[in-house]
Amino acid sequence: MLFNSYTFAVFFITVLVLYYLVQSWKWRKTILLAASYLFYAAWNPPFVVLLWLSTIVDWFAARWMHASRSRRTRRLFLAISLAANLGLLGFFKYGTFLAENFLVLARSLGWDLTLAAPSIILPVGISFYTFQTLSYTLDVYRRKTAPADSFLDYALYVGFFPQLVAGPIVRAVDFLPQCERPRGFSGKAVGWGLSLMLLGLFEKTALADGLLAPISEAVYGSSSSRLDFVSAWCGTLAFSAQVFFDFAGYSLCAIGAALCLGFTIQENFRFPYAAVGFSDFWRRWHISLSSWFRDYLYVPLGGSKRGRFRTFASLTITMLLGGLWHGASWTFVVWGTLHGFYLVLERAVRRIIPRGVAGVSFLRFPVAILTFLLVCVALVFFRADSLDQGLRISTTLLGFGPDGVIRFFQPAAQQYLPPDSATHLLRPEPIAISLGITVLLLSIHWVMRDRSLAEVAARIPWWARSLVLAAMIMAILGFSGEDRAFIYFQF
Amino acid sequence: MLSSTSNSDRAWPEGPWLKTWLLAIALALAAVAGWEAELRHLGHRPTIVDDDALWASQRDRVYTTDGRKPIVLIGDCRIQLGLVPQVLRNSLPGRRIVQLAIQETSPIATLRDLAADPRFDGIVICGLDSRQLCKDMWDTQQRYVAYYHTAYHWNARVNRFLSTLMQKTLVSLHPRLRLSELTILLARGKPFPAPYYLETHADRSRLADYGGVDLEAHRKWALDRTHWLSNDRQLPGVEEWLHDAMEVEEWVGTIQARGGRVVFMRPPTSGQVYDYEEFIFPKAMFWDAFAARTSALCIHFKDVPQLAGFDCPDTVHLDRADAPRFTRELGKTLVARDLLGEPTCAVASEHAAAGSASHHRHKSGVDYP
């Protein structure tokens, strides 16, 4: 069930009314759990069994782990939890990828192998809920948290529909305490929650799908060999904005929907395109995932405590696996590895430059722009259908495409001639939309980088909020057309 | 943009939220009402977005109920624009008409799917030309078939039902009137779009009004597409083509063995497109050879005088003024060839059809001459 669907609107209103009509807290949580399973079953009903499996395995693993004093037994239960969750993920998400690559490897070694092409359907949201339950068992194993007392609360933590299929990845320590006491109706929470949902839908429907997706698809979906420098950049800038609006929009809907039900979920994006450097970027982009990798992979690998080279290796491995988490494809591996390389490079540069220079305020903006542009270059592989396409577009971006170098060194007067569709893959209007939205997006992120949306909204008079909300409703209606699933659903 | 929230209750903005939302909804409703009124004043009408879920909603209806076998229309846009389900229903009373034709595709994947469905025993009217019997086009409808079998769950059904309700009601949901489309048009200095010549209904019937369109541009597009489908491709020779085409016979046989019927109907084309099609796939060598071998009933529009006289304004599709008449003539032809085994009933209905057309005109908003 997509947030940007009529079904969800009916579903959510029904759940909201039932939830607040019932007095008993236990029954209210039961309603939410049943609604969550209904929400998940809307995609492919049999897959709800996988969700139950993950829930039950981790419920018992955590309890038995907690009860045991033997380190060996605790490890055994952790291993069971890891095997169950990573096994599910491995089979459904990486089964086909592994089989294909095994065949390629076997053939390159001269073995004439044939395998029936596996036909595995990826259950929606499996990467999110398996990571969420893993964080729970890992925290219990480390004795950072006690196992949940109530199965109902725990099942709701795993299956809570607002964040079930595309995050944010919630930690048990943040969610379970909220299940202990009844979440009463708050007009302020519902009013703000609905506003966040509307903003999320606006970002998804009007901006990501309505304006930006057609531009990025024109470039990345084109088989034309005449991809030019300007179109490659505009298509990539459009995709950079699209993927942000798409995923940040989903996160806002999730946070808003949870808030309407009285639950708070951590923020997932903090104006990431204003990041100054890549460490800063990962503190602002998909925060719940980056903090998961930091706590459960980077730190156990050694983090930054065991020397420079171990740090570099930990960063690279973490980002490579982070890339692979996004999808079973070499393009995601390249995307993750590029980010690992950026982080290593950033650390190396920081060691070289004097401390005073890093703090100079007027350097922050150009560094933020450089960070954004390098993020865009990496995103080429996030979007590309194949390594070949990724390489072709990234070389074009860097000025080494069929027309890139020539166009780069044209006389200035010619460079500023209005582009025409005969020489550019994209027409002037998409180019203008892509550049216009990018400039607007970067400006807003820069202005907002140390503020929160709630702070800004609090300063606006109520009637002006109404105007903004009305404008967003109109834009959602006006831009709605082809239904596109959220990009992060595929992960 | 605009993405930051806090976990803290204190961070939620204060204010009269009920009043804020009521005003926002009132403003949005007023703006939508104004925009709707303006669009209707300019002559625009609501249309249904024809997507894979709408197709699947019709695919659900292909089963026999109350002993009456449904008539399933498959093919490409020539069938979707040329056959009007409501008129065919009037010509063949008691029959459920299901429109499964999909523009710019070959119907073979749908025929294969119907044959593979043991519950299907209806009558298939399959709009087809010789090019669409070439194997490279067989899977062009497979995406829709796969969607129906793998993704059309209850959620998609409910969503499609609600989408249809909204799209029937609001002109502003017309894909051609999306703000992104309008922004680009206006940025190019083009005038506000005139009412679109195509109108799609909830049953996937579609009518084209070529009265106000640039016919030369449409004809050029149609000819270019016909060239594109043939040029630079390895098209089979007669023997190979016939060998491939006869593979379809397996599915025809399966449907007919269950009590169903299959009719292959070559829909009309005109002008340069017909000439080119005839040049690439001469009727006498291809269609007639196939018709002689298949167990299905074959109707080529050129072979039936009542169907041969229609002119396609854009050389490929029938105008909404002609589609109902063409549908009635086809209905008569089918009855005359004993497709349904109920000639008496159907002939009687023919008279009823003429009388009831004006009744349906008011009901559906569609003007059937």
Side-chain angles (χ1 to χ4, degrees), chain A residues 1 5-7 10 42-45 121 174 187-192 194 196 199 203 206 210-211 214 244-245 248 251-252 255 264-271 429 432 440-441 444-445 448 451-455 457-458 462-463 465-467 469-470 473-475 477-483, chain B residues 1-32 35 49 51 53 150-151 153-166 170 172-188:
Chain A
M1 201 181 295
S5 68
Y6 295 115
T7 326
V10 174
W43 271 283
N44 204 335
I121 301 171
D174 294 325
K188 193 166 70 168
V190 173
W192 180 235
L194 289 175
L196 290 178
L199 178 58
E203 289 188 357
L211 285 173
F244 169 74
F245 286 128
S251 296
L252 278 179
I255 292 167
T264 51
I265 293 179
Q266 70 172 98
E267 63 184 341
N268 214 19
F269 289 84
R270 200 181 293 141
F271 305 106
E429 298 83 7
L440 200 63
L441 178 66
I444 292 173
H445 277 216
M448 294 290 292
R451 296 183 175 92
S452 80
L453 187 63
E455 275 173 53
W462 73 269
W463 54 266
R465 283 184 209 164
S466 300
L467 284 175
L469 293 172
I473 294 172
M474 284 297 295
L477 279 176
F479 281 102
S480 64
E482 193 183 336
D483 285 341
Chain B
M1 182 175 105
L2 312 173
S3 166
S4 188
T5 56
S6 168
N7 286 350
S8 161
D9 283 14
R10 286 169 299 172
W12 303 341
E14 298 285 349
W17 279 106
L18 182 62
K19 210 158 67 170
T20 304
W21 269 99
L22 286 177
L23 179 62
I25 291 166
L27 288 171
L29 284 178
V32 169
W35 183 232
V49 176
D51 58 10
T150 60
H153 303 305
W154 65 268
N155 171 42
R157 287 166 206 266
V158 174
N159 200 56
R160 185 58 249 183
F161 172 76
L162 295 170
S163 299
T164 301
L165 274 185
M166 293 290 284
L170 297 175
S172 48
L173 293 179
H174 195 302
R176 301 270 159 176
L177 299 171
R178 293 172 64 206
L179 289 181
S180 48
E181 308 279 331
L182 296 178
T183 309
I184 287 177
L185 272 185
L186 297 176
R188 286 180 191 160

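Everything quoted here is computed from the prediction, not taken from an experiment. Within every chain, numbering begins at 1; the chains are lettered A, B, ... in the order of the sequence lines, protein sequences first and strands thereafter.
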With a 4.5 Å heavy-atom cut-off, do [X] and [Y] have their side chains touching?
X	Y	answer
V10(A)	V158(B)	no
W12(B)	T264(A)	yes
V190(A)	W17(B)	no

Should the heavy atoms of other residues, nucleotides or ligands under 6.0 Å from CZ of R176(B) be counted, would the total exceed 12? no
Turns out that what part of A189(A) lies under 4.5 Å from chain B's heavy atoms comes down to both
Which bit of I473(A) comes within less than 4.5 Å of chain B, counting heavy atoms only: side chain, backbone, both or neither? side chain
If every non-hydrogen atom of [X] is compared with every non-hydrogen atom of [Y], which pair is closest and at what distance?
X	Y	answer
A475(A)	L179(B)	CA-CD1, 4.4 Å
M1(A)	W154(B)	CE-CH2, 3.8 Å
M474(A)	V32(B)	SD-CG2, 3.5 Å
R465(A)	E14(B)	NH2-O, 2.8 Å
A470(A)	A28(B)	CB-N, 4.1 Å
P13(B)	W192(A)	CD-CD2, 3.4 Å

For R160(B), is it the side chain, the backbone, both or neither that has a heavy atom under 4.5 Å from a heavy atom of chain A? neither
Look up atom CH2 in W463(A) and atom CG in L27(B), then write down how far apart they are to the nearest 0.5 Å. 11.5 Å
Nearest 0.5 angstrom please: E429(A) CD to L185(B) CG, how far? 9.0 Å
Strictly distance-based, threshold 3.5 Å: is any side-chain N or O of N159(B) a donor or acceptor partner for the main-chain N or O of T7(A)? yes
Under 3.5 Å, side chain of T20(B) to main-chain N/O of S466(A), donor-acceptor pair present? no
I need the residue from A53(B), A31(B), S172(B) with the largest number of non-hydrogen atom pairs under 4.5 Å to chain A. A31(B)
